[in-house]
Number of protein chains: 2
Amino acid sequence: MAADSYHQTSKIQIAVDCIIFGFDGAALKVLLIKRGFEPEFGKWSLMGGFLMKNETAEDAANRVLHFLTGLKDVYMEQLHTFSALNRDCAARVISIAYFALIDINEYSEQMQRDHEAKWFPIDDVPGLIFDHNLMIAKARDLLRMKVASHPLGFELLPEKFTIPQLRILYESIYATTLDKRNFQKKILSLGILHRLDEKEKESSKKGAFLYVFDHVKYNRLQSGELKFI
Amino acid sequence: MAADSYHQTSKIQIAVDCIIFGFDGAALKVLLIKRGFEPEFGKWSLMGGFLMKNETAEDAANRVLHFLTGLKDVYMEQLHTFSALNRDCAARVISIAYFALIDINEYSEQMQRDHEAKWFPIDDVPGLIFDHNLMIAKARDLLRMKVASHPLGFELLPEKFTIPQLRILYESIYATTLDKRNFQKKILSLGILHRLDEKEKESSKKGAFLYVFDHVKYNRLQSGELKFI
DNA sequence: ACAAAAGTGTTTGGGATACACCCATGG
DNA sequence: CCATGGGTGTATCCCAAACACTTTTGT
């Protein structure tokens with residue numbers, strides 16, 4: 001930090017972009033919008049926005065996410081800051097990217113229409129503007145890494161969920177298949193799920209027990225890291 | 001990203017800061033400098049600098065690191081971007097932090113004097129300016145995480161090193177002790193070290209075999225992730 | 001009655017852990 | 001000859017992986 005340099009950075013703009021993940025019961029998806037202004041009008045893109053003077057990057061990411069989805073208190077985490085010189089063709093913009101996990105059911109059809117937004121399966125994302133495809137790839141890697149040892153999967157599911165739903169979620173994230181007996185054994189052995197006396201009967205005649213994530217029990221494990229998969 | 005917003009971000013400056021790790025054979029250390037200008041003149045601080053118009057954040061971090069250490073081609077990775085409103089008391093500055101791993105022997109005493117720099121044990125870092133202590137804490141966490149599954153430890157050692165040196169390095173990073181038999185077994189079983197016909201005889205009468213990290217063998221393991229500890 | 005998904009238990013193998021003695025050499 | 005750190009092998013345990021049948025109930 002050179003002594004005279006407190007006025008050096010000019011004309012570099014700062015943006016945030018949000019990689020928003022959802023899970024529809026079968027596949028992991030990302031939420032994209034059709035860009036409504038130049039440059040790159042009409043192309044698919046992540047939702048983003050410029051950082052304002054009096055907000056932190058976290059604030060800005062939450063603002064952008066709230067604007068697009070109407071949701072607050074969403075699980076969100078900083079991913080990476082992208083600063084390639086020509087990443088935005090219109091100006092020098094560096095972007096602080098965040099990834100968010102939401103319950104897809106809480107994102108209304110109405111909101112989708114309002115913002116020309118659409119869910120795309122993670123393996124079937126179209127060509128996006130700038131470096132947004134790279135951002136999504138990086139976000140998927142981070143999601144895979146974190147979800148193996150932290151209780152994030154639940155953020156993508158409704159509050160009440162079944163073990164098979166959770167298993168299919170992990171199968172989608174890792175593009176693999178998991179033995180349902182071993183999965184159930186391991187997940188329940190963590191001792192952080194609470195079984196309700198209700199069943200979910202949409203997807204089978206027998207019905208599957210609903211569970212909730214037990215934050216209290218999880219927080220009692222001071223280890224911080226578990227092995228979900 | 002609102003349509004009219006390409007001129008919104010003004011007066012927000014962008015800096016980079018480097019958390020530079022070294023290992024002296026006994027403890028993990030970080031390199032700090034005595035700040036030579038206001039604000040916070042004379043306080044200990046991470047090495048940093050402002051982002052210039054025509055460089056990426058990675059370029060800037062490398063520039064700063066090279067300026068302080070004279071080193072190039074150092075292992076460096078983006079850590080996190082810090083954007084709290086009052087993190088820098090003189091202006092609105094967001095900082096993109098990087099962590100770097102260097103062989104402490106390649107950093108000369110001369111360079112230390114020139115920059116009023118000093119190595120501090122990671123568990124004995126003084127109070128630093130701004131949010132730099134937070135940055136170091138976060139960097140240590142990331143180092144712990146990555147070093148468990150990626151071949152980064154070697155970056156902190158000379159090209160030729162002994163297994164006991166490597167073990168003590170891991171012990172320092174994790175603040176734990178490791179069984180030397182089990183450690184040697186596991187590390188060698190990874191098949192990525194090449195034993196030389198040389199011994200290091202500084203630290204024992206018998207002498208310990210020197211090894212080098214075998215990049216070729218490592219790259220042949222397409223898994224990308226290993227289990228070092 | 002049958003189709004479709006839920007739920008459950010046992011066996012096996014491999015990696016992690018625990019643990020103690022001999023080796024080489026400089027002083 | 002002895003003190004110091006380097007190097008090695010084995011027994012045990014636990015967790016992960018593989019694997020198939022019964023239950024429930026809507027149609």
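Here is the naming used below: chain letters follow the sequence lines, and residue numbers restart at 1 for every chain.
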Which listed nucleotide ([options]) is nearest to the side chain of [X]?
| X | options | answer |
| --- | --- | --- |
| Asn182(B) | dT17(C), dT10(C), dA5(C) | dT17(C) |
| Lys180(B) | dT8(D), dA16(C), dA5(C) | dT8(D) |
| Lys185(A) | dG27(C), dG7(C), dA17(D) | dA17(D) |
| Arg195(A) | dG9(D), dT8(C), dG7(D) | dT8(C) |
| Lys206(A) | dG6(D), dT25(D), dA6(C) | dA6(C) |
| Lys201(B) | dG7(C), dA6(C), dT25(C) | dT25(C) |
| Asp179(A) | dG7(D), dC19(D), dA5(C) | dC19(D) |

In whole angstrom, give the distance that lies between atom [atom1] of [X] and atom [atom2] of [N].
| X | N | atom1 | atom2 | value |
| --- | --- | --- | --- | --- |
| Lys199(B) | dA24(C) | NZ | P | 8 Å |
| Lys227(A) | dG15(C) | NZ | P | 13 Å |
| Ile229(A) | dA16(D) | CD1 | C1' | 12 Å |
| Glu200(B) | dG26(C) | CD | P | 13 Å |
| Phe228(A) | dC15(D) | CZ | C1' | 17 Å |
| Phe209(B) | dA24(C) | CZ | P | 10 Å |
| Leu190(B) | dG15(C) | CG | C1' | 12 Å |
| Phe161(B) | dG6(D) | CZ | C1' | 16 Å |

Check your understanding: Does dA6(C) have OP1 or OP2 sitting under 4.0 Å from an N or O in the side chain of Gln184(A)?
Key -> no
Exercise for review: Indicate yes or no: does Arg35(B) engage Glu116(B) in a salt bridge with an N to O separation below 4.0 Å.
Suggested key: no
Study note, to complete from the structure: The reported gap from CD in Gln165(A) to CD in Glu200(A) (rounded to nearest 0.5 angstrom) is 5.5 Å
Check your understanding: Where the side chain of Glu171(B) meets the backbone of Leu178(B), is there a donor-acceptor pair that is under 3.5 Å apart?
Key -> yes
Review point. Any idea how Phe130(B) and His132(B) line up, ring-wise: parallel (<30°), tilted (30 to 60°), or perpendicular (>60°)?
Key: perpendicular
Point to revise | Aromatic plane relationship, Tyr218(B) with Phe213(B) - under 30° parallel, 30 to 60° tilted, over 60° perpendicular | key: tilted
Exercise for review: Identify whether any heavy atom of Ser203(A) sits under 4.0 Å from a base atom; if not, whether one sits that close to sugar-phosphate; answer base, sugar-phosphate or nothing.
Suggested key: sugar-phosphate
